[in-house]
Structure formats: structure tokens, C-alpha cells
Amino acid sequence: MIESKRHRRMIANIATYVVLVSLSVFCIGPMVWMFLTSLKYEADIVTQTMQYMPSRITFDNYVAIWTQSGFPLLIGNSLVVTLLTVTICVVTGTLAAYAFSRFAFRGRDRLMLGYLVVRMFPAVMVIIPLYVVMRGVGLVDSRFGLALAYTSFLLPLFVWMLKGFFDSAPRELENAARIDGSTRLGAMVRIVVPLARNGLVASSVFIAIAAWNEFLFALMLTTGQGSRTWPVGLQLMVGEFQLPWGVLAAGGILSIIPVIVLFAIVQRTMVQGLTAGAVKG
Amino acid sequence: MTSSASRYLPFRALGELSETRYWMYLLLLPSLVLILLVIAYPTLYGMAISFREMRLTRPGLDGWVGFKHYAAMWSDPVFWIALKNTVVWVTAAVVLELALGLLTATALNRDLPGTKIFAVLILLPYFLPNVVAGHMWALLLDPRLGVINDILVRVGILQTYKAWFADPNAALAATILVEAWHGFPFFALLLLAGLKSIPEDLYKAAAVDGAGVAAQLRLITLPMLKTVIAAAVILRVISLVNSPDLLLILTGGGPGDATQVLSLYAFQTAYKEFNFGYAAALSVVMFVILMVFAVAYIRISRITKE
């Protein structure tokens with residue numbers, strides 16, 4: 001009986017590892033292949049017999065994407081747009097998340113639901129009128145305008161995520177500070193926000209990644225070199241110049257490095273924040 | 001009053017303001033104004049546009065046309081194809097992602113050594129940009145130099161390389177595969193959190209009563225996960241219906257209209273043809289369909305819970 005139980009457990013463990021390894025290969029394999037492609041000479045990519053491991057390695061593709069296209073400019077624009085988006089969300093969203101987390105007031109639940117429902121609005125439905133409105137006030141083709149557009153779907157997300165983190169920050173310290181004569185503002189800035197620091201960082205990283213990756217709004221709302229972000233730039237390069245595979249792969253690798261680094265650093269807290277809402281119901 | 005806050009006058013004024021009963025409304029004000037400005041107003045304006053003629057290429061054409069766009073949609077064959085493709089694409093992708101997500105979450109939940117590293121590797125695709133995911137898979141499935149074609153030919157499943165995205169019969173399936181790769185970690189993430197919230201005692205009690213693995217899955221795991229699954233499915237359906245990004249990059253709706261979905265059709269109508277009125281009408285219809293689905297879905301999943 002015990003023998004067979006141990007036996008069964010062992011089989012289950014092996015099956016688990018088989019599943020995990022296969023899924024990891026499925027997930028990471030394409031990225032590894034793109035990385036290998038970025039190191040190959042074009043002649044080794046377009047061959048009759050497939051080269052699985054590159055027979056010789058080159059960094060020409062990286063040099064090409066960085067020097068022969070506007071790639072650094074695109075990356076710079078993306079960086080500015082991402083930072084602006086995060087700044088807007090952190091400044092306005094932290095206040096809102098704190099209010100939702102700590103105060104009971106009339107219409108609170110409705111308002112929170114409202115923040116959730118706006119996420120259901122189709123991007124396309126918002127993009128078209130937003131383009132018309134922004135063209136009217138001169139915000140098309142502006143990095144600030146794009147960041148503003150991003151807050152339309154990222155700010156509600158940020159508020160919901162951060163509210164979860166504020167909820168789990170203990171109230172005792174805050175109460176103690178209040179008794180010691182601190183104002184509500186003082187308690188928020190000096191006690192609650194530092195307590196929810198990790199959550200604040202994780203929520204910010206999540207929206208930073210989303211803003212960095214965003215494609216559709218950027219395609220519609222930017223037309224010139226001055227504000228174009230890298231996803232749009234890369235996509236247009238593929239269309240216009242028939243970008244060689246190796247160069248495209250190098251561009252892809254360069255642009256996902258920040259995402260991978262940020263994800264690796266805060267993944268645990270971020271995952272916790274993303275799942276909290278759904279599990280609680 | 002603490003010294004550092006009272007040193008500066010503006011801070012002190014704000015601090016005093018924070019003691020009034022309007023404080024929470026003041027905190028909410030900035031984000032509320034922003035959301036009204038960038039979502040609520042454009043949305044209402046977009047609904048208005050759908051009843052107007054608005055083509056940026058022909059500024060002379062302007063004015064109210066009532067339900068003209070909606071009537072045109074009724075007799076637009078592309079609209080019906082896109083509607084059908086949307087249903088197929090979303091349903092297939094969600095089912096596939098849910099199945100893969102459940103498998104992943106169950107495996108990760110056993111907490112064997114090394115699980116943390118596997119979790120990071122498996123979750124990563126969800127955070128990758130559509131543009132990179134799209135081109136990566138275009139490279140993998142390329143008709144001339146795609147490694148997946150090469151493997152399938154070597155194994156003997158395919159006779160020759162296949163042009164996945166150019167074949168009207170395979171294109172939609174191929175894009176569903178890419179979408180599943182990109183999206184299933186989302187399900188894994190939520191389902192894993194759901195699994196972790198099920199008390200261990202339930203399984204112990206069931207084991208004592210002689211319930212096998214299958215019975216435990218059917219009687220404990222799935223019922224306990226019901227809310228999480230319902231939430232994950234609705235969130236995913238919404239985001240899939242709304243985002244044409246991946247299809248725009250992979251196929252642009254082609255070949256023919258084989259991978260044309262509503263969101264992509266609406267976007268291209270605006271972006272390529274500058275026919276904003278018709279595009280707005282398309283997205284309004286899409287939104288209404290989504291809302292009806294969401295409400296019905298939530299009703300049904302509530303009823304079955306009770």
C-alpha cells in the first residue's frame with residue numbers, strides 16, 4: 001500500500017516535470033530561435049538546409065539595426081512616452097487608489113466598478129474619436145498626447161492593482177501616526193505609501209511594460225519621426241524596407257530586453273497584484 | 001502637527017485640507033477628470049460620429065446621416081465574415097488558453113523543486129509585445145525558412161513546407177496558435193492563484209473518503225475554481241474581441257478576408273480608408289455585442305453557481 005503510494009507519487013512527479021519542461025520549451029523556444037537568428041549571417045538564415053545552431057556568429061545585425069535605421073530615436077521616443085505614462089498614472093492613480101482603499105463614501109463601489117467597466121471599451125472605439133479630438137487640440141504626433149491616450153486604459157488598471165496593495169498594508173501604523181498628530185496627508189505620504197512600496201513599484205512596472213509594448217494607439221496617433229515609438233517603427237520598417245530577418249530579430253531582441261529585465265525583477269509582486277482582484281471575486 | 005510638514009506653507013495648507021470631509025473627493029478628482037477626458041468623452045463622441053459622415057480624405061462630406069452606416073453594415077458581406085471569424089477566433093483561442101492554463105497551473109501548484117524558475121519562463125510570453133511576438137512566429141512559420149515547417153517535414157507530418165498565413169484554410173488556425181502562445185500564461189496566472197486559495201484539508205478529507213484524482217478534480221478543484229475561471233474567461237474574451245494588434249501584424253486580415261475580425265475591420269476602415277463614420281459604427285456594434293455577451297455570461301455563471 002505504502003509502496004504503491006510512493007510509486008504513484010513518483011509517476012506524478014515525473015509527469016509534472018514533463019509538462020513543465022514541454023511548456024517551457026513552447027514558451028521560450030520561439031524567443032531562443034529569434035535570438036539565434038539575430039546572431040546568424042543572412043546567408044545562413046536563407047539556406048536550403050536549416051541551420052539549427054549558427055555555424056558562425058555575427059553581431060552585424062545588431063550594428064545594422066542600431067546605426068542604419070532610426071532605431072535609437074524610436075527607442076528614445078518609447079522611453080519618453082513610457083516615463084510620461086507612468087508619471088501620470090502614479091501621480092493621479094496613487095491618490096485614487098488610496099481614497100478607494102481607505103475611505104467609505106457615497107458612490108464608492110459604483111465609481112470603482114466604473115473604473116473597471118471603462119476597460120471593456122474597445123480600443124478601436126476610443127482610438128477613432130480620440131484621434132479626431134487630439135487632432136483638434138494639436139496632440140496628434142506628440143509624445144505627451146500618446147502618453148495621455150495610454151492612461152485611458154492603463155490608469156484604471158493601475159488604480160485597481162494598487163488598491164489591492166493598499167488594502168493589504170496594515171492600518172495600525174497609520175492610526176498610530178494619526179494619534180501622534182499627523183494629518184491624513186502626512187500619514188498617507190509617510191506611512192501608507194512606503195508600506196505599499198513594493199506594490200507601487202510592481203504596478204508601475206506593469207503599466208510601464210504595457211506602455212512600452214503598445215502598438216495600436218501609437219500607430220494611429222503618431223505619424224512622424226518625432227513621436228513614433230519602436231513597435232510602430234519596427235513594423236513600418238518591415239513593410240517599407242523588406243527588413244532582413246536577422247536585422248528584424250536583432251531589433252526584436254533589443255526591444256524586449258528591458259521587458260525581460262523588469263519582469264524578472266518584480267515578477268512575484270506583480271503576479272500577486274494581477275491575481276488579487278480576480279481571486280477575491 | 002509634525003515639524004517637517006508644517007515647515008512649508010503649501011504642505012500645511014494641504015495637510016489641513018486633508019482633515020476636511022472633502023478630502024477623498026479631492027484625491028479622486030485628478031484621475032476622474034483624466035478618465036472622463038480620455039475615455040468617456042471620446043466614447044460618447046465616437047457614438048455620435050457613427051451617425052455622421054466623416055471621411056478625413058473628403059472634408060466636404062460632413063453631416064448627420066442617421067442610421068446609414070448601420071444599414072450599410074447589414075448588407076456588407078465583410079462585416080458578416082468578420083463577425084463569424086471573431087466568434088471562431090475568440091472561442092478557439094479562449095478554449096485553448098484555458099486548457100493550457102489549467103494544465104500549467106496544476107503542474108505549478110505541486111510546488112516541486114524548480115517550480116519558480118519554470119513559472120518565470122512560462123509567464124514570460126504574456127509580457128512580450130505583440131509586434132515582436134507576431135514577427136517571431138512569422139519567422140517560425142515562414143514558408144521558405146520556417147523552423148516549424150522544417151521540423152514537421154523531418155518528422156514526416158508534412159510533405160513540403162506550408163505557407164501557413166497564406167493558406168485561407170490554415171491562416172486562422174495559425175493565428176489562433178500564436179494567440180494561444182501569447183495569452184495562455186494569463187490563464188495560468190489566475191488559475192494558479194485560484195488553486196492556491198483552495199484549502200488543503202478538502203483534498204485530505206476527500207482522500208480519506210477514498211476519492212481518486214479524477215473525482216477530486218471533478219468534485220473539488222473545478223467547483224472551487226469556478227469563479228476564477230469565469231472571471232478569467234470574461235476578461236480574456238473582452239481583450240481578445242477588442243485588440244486587433246496580433247492579426248494586424250500577422251496577416252492584416254488576409255488572405256482575402258480569411259482572418260478578418262471586427263476590431264481589425266473597424267481599425268482598417270479608419271486607418272486605411274479614413275472612413276471614420278463607418279469605422280465608428282462598426283466599433284459601436286462590436287461594443288454592444290460584447291456588452292450583451294458579458295451581461296448574459298455573468299448571469300449564466302451566477303445561476304450555475306447557486
Side-chain angles (χ1 to χ4, degrees), chain A residues 13 16 19-20 23-24 27-28 30 33-34 37 45-46 50 92-93 95-96 98-99 103 105 118 120-126 128-130 133 148-149 151-152 155 159 181-186 209 213 215-216 220 231 234-235 245 248 252 255-256 259 263-264 267 271 274-275 278-279 281, chain B residues 1-2 5 14-15 18-19 23-24 27-28 30-31 34-35 38-39 42-43 45-46 49 103-104 107 110 112 118 120-122 124-125 127-132 135-136 139-140 145 147 150 189-190 193-194 197 227-228 231-232 238 242-243 245 263 266-267 270-271 276 279-280 283 286-287:
Chain A
N13 285 355
T16 307
V19 166
L20 289 177
L23 285 167
S24 302
C27 287
I28 299 301
W33 186 254
M34 184 170 73
T37 305
I45 298 172
V46 193
M50 183 83 41
T92 64
L95 300 179
Y98 178 78
F103 296 109
F105 52 90
V118 291
M120 288 176 64
F121 290 4
V124 183
M125 193 165 92
V126 180
I128 297 164
L130 203 60
V133 172
L148 219 50
T151 56
S152 69
L155 181 58
V159 170
S182 171
T183 59
R184 279 177 182 165
L185 177 72
I209 291 178
N213 290 349
F215 174 61
L216 208 62
M220 190 78 189
L234 200 65
Q235 177 68 18
W245 277 116
L248 175 60
S255 49
I256 62 174
V259 177
F263 173 70
Q267 101 9 73
V271 165
L274 277 175
T275 50
V279 178
Chain B
M1 189 89 17
T2 46
L14 262 180
S18 77
E19 295 301 320
W23 179 233
M24 54 276 226
L27 289 175
L28 286 171
S31 64
L34 209 57
I35 284 179
V38 289
I39 314 185
T43 302
Y45 186 49
I49 291 177
L103 185 68
T104 315
R110 298 199 68 226
L112 298 178
F118 283 119
V120 174
L121 295 180
I122 292 172
L124 192 56
F127 296 89
L128 285 194
N130 277 312
V131 171
V132 172
H135 289 302
M136 193 151 76
L139 170 66
L140 290 166
L145 39 93
V147 65
D150 194 63
L189 206 82
L190 293 188
S197 68
T227 354
V228 181
I238 290 168
N242 287 343
S243 43
D245 308 40
S263 57
F267 184 78
Y271 182 72
F276 279 32
S283 50
M286 197 171 89
F287 178 60

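Convention: sequence-line order gives letters A, B, ...; per-chain numbering from 1.
- Scanning both residues, B:Pro42 and A:Val126, for their nearest heavy atoms gives CB-O, 4.2 Å.
- The most heavy-atom pairs under 4.5 Å with chain B, out of A:Gly252, A:Ala96, A:Gly93, A:Ser152, come from A:Ser152.
- The part of A:Phe263 that comes within reach of chain B is its side chain, from C-beta onward, which places non-hydrogen atoms under 4.5 angstrom from that chain.
- Between B:Leu128 and A:Asn213, every side-chain heavy-atom pair lies at or beyond the 4.5 Å cut-off.
- Within the 4.5 Å cutoff, side-chain heavy atoms of A:Leu20 are placed close to those of B:Ile122.
- Options A:Leu234, A:Val19, A:Val159 differ in how many heavy-atom pairs under 4.5 Å they form with chain B, and the most are formed by A:Val19.
- Residue A:Thr92 comes nearest to B:Pro30 through the heavy atom pair CG2-CB, 3.7 Å, listed as atom of the first residue, atom of the second, then distance.
- Heavy atoms closer than 4.5 Å to chain B are found in the side chain of A:Ile256, but not in its backbone.
- In this structure, chain A has a heavy atom under 4.5 Å from the side chain of B:Ile238, while its backbone stays farther away.
- Put simply, the side chain of A:Leu216 does not reach to within 4.5 Å of the side chain of B:Ser243, judged on heavy atoms.
- Heavy atoms closer than 4.5 Å to chain B are found in both the backbone and the side chain of A:Ser24.
- Partners of B:Ala279 according to the side-chain contact (heavy atoms from CB on, under 4.5 Å) rule, which considers only residues two or more places apart in sequence or in another chain, are A:Ile128, B:Thr269, B:Ala270.
- Note that the CZ atom of B:Phe127 and the CD atom of A:Gln267 stand 8.5 Å from one another [nearest 0.5 Å].
- Of the listed residues A:Ala264, A:Ala123, A:Ser255, A:Ala99, the one with more heavy-atom pairs under 4.5 angstrom with chain B than any other is A:Ala99.
- In terms of non-hydrogen atom pairs under 4.5 Å with chain B, the most contact-rich of A:Ile209, A:Val259, A:Leu23 is A:Leu23.
- Most heavy-atom pairs under 4.5 Å with chain A: of the set B:Asp245, B:Leu189, B:Leu112, this distinction falls to B:Leu112.
- At least one side-chain heavy atom of B:Pro125 sits less than 4.5 Å from a side-chain heavy atom of A:Cys27.
- Between A:Thr37 atom OG1 and B:Leu145 atom CG the span is 8.5 Å, to the nearest 0.5 Å.
- Chain A forms more heavy-atom pairs under 4.5 Å with one residue of B:Val147, B:Thr43, B:Val120 than with any other, namely B:Val147.
- Ranked by heavy-atom pairs under 4.5 Å with chain A, the first of B:Leu103, B:Thr104, B:Leu139 is B:Leu139.
- Between B:Ala266 and A:Val124, the shortest heavy-atom distance links the atoms CB-CG1, 3.6 Å.
- In terms of heavy-atom pairs under 4.5 angstrom with chain A, the leader among B:Leu34, B:Leu14, B:Asn130, B:Leu124 is B:Leu124.
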TODO: Go through A:Thr151 and B:Val38 one step at a time and tell me if the side-chain contact (heavy atoms from CB on, under 4.5 Å) criterion holds.
DONE: CA-CA 8 Å; A:Thr151 56; B:Val38 289; 4.1 Å; yes
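- For the pair A:Met34/B:His135, no side-chain contact is recorded, criterion being any heavy-atom separation below 4.5 Å from C-beta on.
- The side-chain heavy atoms of A:Leu185 and B:Trp23, taken from C-beta on, include a pair separated by under 4.5 Å.
- Annotation: maximal heavy-atom pairing with chain A below 4.5 Å, among B:Gly15, B:Ala107, B:Ala280, B:Ser18, occurs at B:Ser18.
- Across all their heavy atoms, A:Pro30 and B:Leu140 have their closest contact at CB-CD1, 3.5 Å.
- Using a 4.5 Å heavy-atom cutoff, the side chains of A:Phe103 and B:Leu27 are in contact.
- Contact of the A:Tyr98 side chain with the B:Met24 side chain is not registered, since no non-hydrogen atoms from C-beta on lie closer than 4.5 Å.
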